[in-house]
Amino acid sequence: MSAFSIYVHFPFCKGRCPYCDFVSMDVDVIPTQRYLGALLEEWSGRKITGVEREPLSVYLGGGTPSLWPAADLERLIAALAGGAKVSEVTVELNPGDADEEWFRQLVDAGVSRFSVGVQAMDDDRLRWLGRRHDVEAAARVVTMARSSGARSVSVDIIYGTPGQTCDGLTREIRKVCELGPDHVSAYELTVASDTPLGRRAAGLDPPLPDQDAMADLWLAVGSELATAGLERYEVSSYARPGHTSVHNRHYWSGGSYVGLGAGAHGFEKDGDLMIRMVNSSDVEKYMNGEPAQREVIRPLDHARELVMLGLRTAEGVSIERVSRDLAPDLVKQWRRIAEDIVNQGHARFEGKRIVPTSNGMLLADTLAGRFF
Ligand code: SF4
């Protein structure tokens with residue numbers, strides 16, 4: 001029996017951030033009860049084979065789960081846990097939504113980790129990103145999360161807005177660290193073409209940072225967070241010892257997970273078959289019970305995905321094990337590619353694993369491309 005995790009998507013927000021291409025809707029009245037009912041129904045109808053009965057971790061993301069009343073989240077968590085104590089339950093939240101009572105109720109319900117969408121510690125950048133909060137509100141909610149009794153508090157940051165300098169970003173990261181988070185996820189701003197930002201990206205003045213400038217910003221984030229005791233363990237993820245995300249590490253290592261909610265994806269094993277479950281991203285159709293699509297994943301595609309995810313982590317990946325299990329015809333070829341990557345100084349061997357250097361992690365997607 002192997003472990004599995006659960007991801008729940010809550011696809012509602014107050015307003016739309018101009019860069020966002022997640023599945024989320026801006027509605028006047030959120031149909032919380034109807035949506036909760038659809039989730040509970042989806043969960044009760046799910047048959048997951050070959051896994052433990054209780055989930056390893058539960059992650060409630062969005063969208064904006066903090067717009068959901070605590071009592072509903074409590075009911076959902078209890079149904080997913082099935083009476084067991086889940087070792088990591090994470091809830092994402094945005095500054096300005098949550099109060100002390102919301103935190104208290106969720107911690108009592110078993111939430112052990114809060115992930116706060118701070119995004120910037122500079123009011124001009126927050127405005128540019130179209131966020132609804134300011135730095136003061138962000139600081140207040142992180143402090144509240146820290147005193148809630150939850151085991152870990154994570155902060156999300158977006159860098160790479162036009163004109164951002166390494167010095168400016170370092171100052172923001174320092175302010176983040178003053179709030180004492182256990183974990184930071186720092187994401188490069190990505191611009192999807194079908195977003196309001198994507199439609200005006202070409203005309204921005206100053207322009208978006210180029211690849212070299214982005215790399216410098218990434219290095220600045222890593223260096224400032226390391227000074228504060230948060231080590232990079234994945235391209236965008238940094239943690240104090242003992243506070244890495246169980247949920248994400250399970251996902252990166254190819255573990256099974258169930259995705260519940262509109263737009264959610266899951267990955268399940270059914271005997272020798274590997275299955276991707278894809279829920280409708282149309283919220284109305286989802287609430288009306290449209291079933292998830294079931295796609296069989298080719299072993300080679302799964303192997304490549306594992307290599308790609310592994311090269312983004314400080315744990316690295318055993319190319320030998322992945323190719324032996326999933327792409328036996330390519331064992332020799334992939335060993336040669338791995339040796340090549342090591343010889344070029346982008347990684348080192350640790351036992352059977354290939355572990356990226358800092359520079360290799362930065363080039364992870366390019367390096368992974370050699371296995372395609
Ligand atoms: S709050 Fe998050 S999910 Fe909602 S629109 Fe903004 S970026 Fe997207």
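Indexing begins at 1, ligand by ligand and atom by atom, following the structure's order. Basis for what follows: all heavy atoms, side chains included, without hydrogens, waters or symmetry-related copies. Since this is a predicted model, take the numbers as computed values, not measurements.
- With sequence neighbours left out, A120 forms a side-chain contact (heavy atoms from CB on, under 4.5 Å) with R125, L126, L129, E172.
- Remark: aromatic rings of Y238 and H243 are distant, center separation not under 6.0 Å.
- Between F267 and H302, the distance separating the two ring centers is shorter than 6.0 angstrom.
- Counting protein heavy atoms only, atom 3 (S) of ligand 1 is closest to G63 N, 3.3 Å.
- Connectivity analysis of hydrophobic side chains (ILVMFWY, heavy atoms under 4.5 Å, direct or indirect) links Y7 to Y59.
- Aromatic pair F114/F103: ring centres closer than 6.0 Å.
- Any protein N/O/S atom under 2.8 Å from atom 6 (Fe) of ligand 1 was counted, giving 1 altogether.
- Considering only residues two or more places apart in sequence or on other chains, R46 meets the salt bridge (Lys or Arg N to Asp or Glu O under 4.0 Å) condition with E42, E268.
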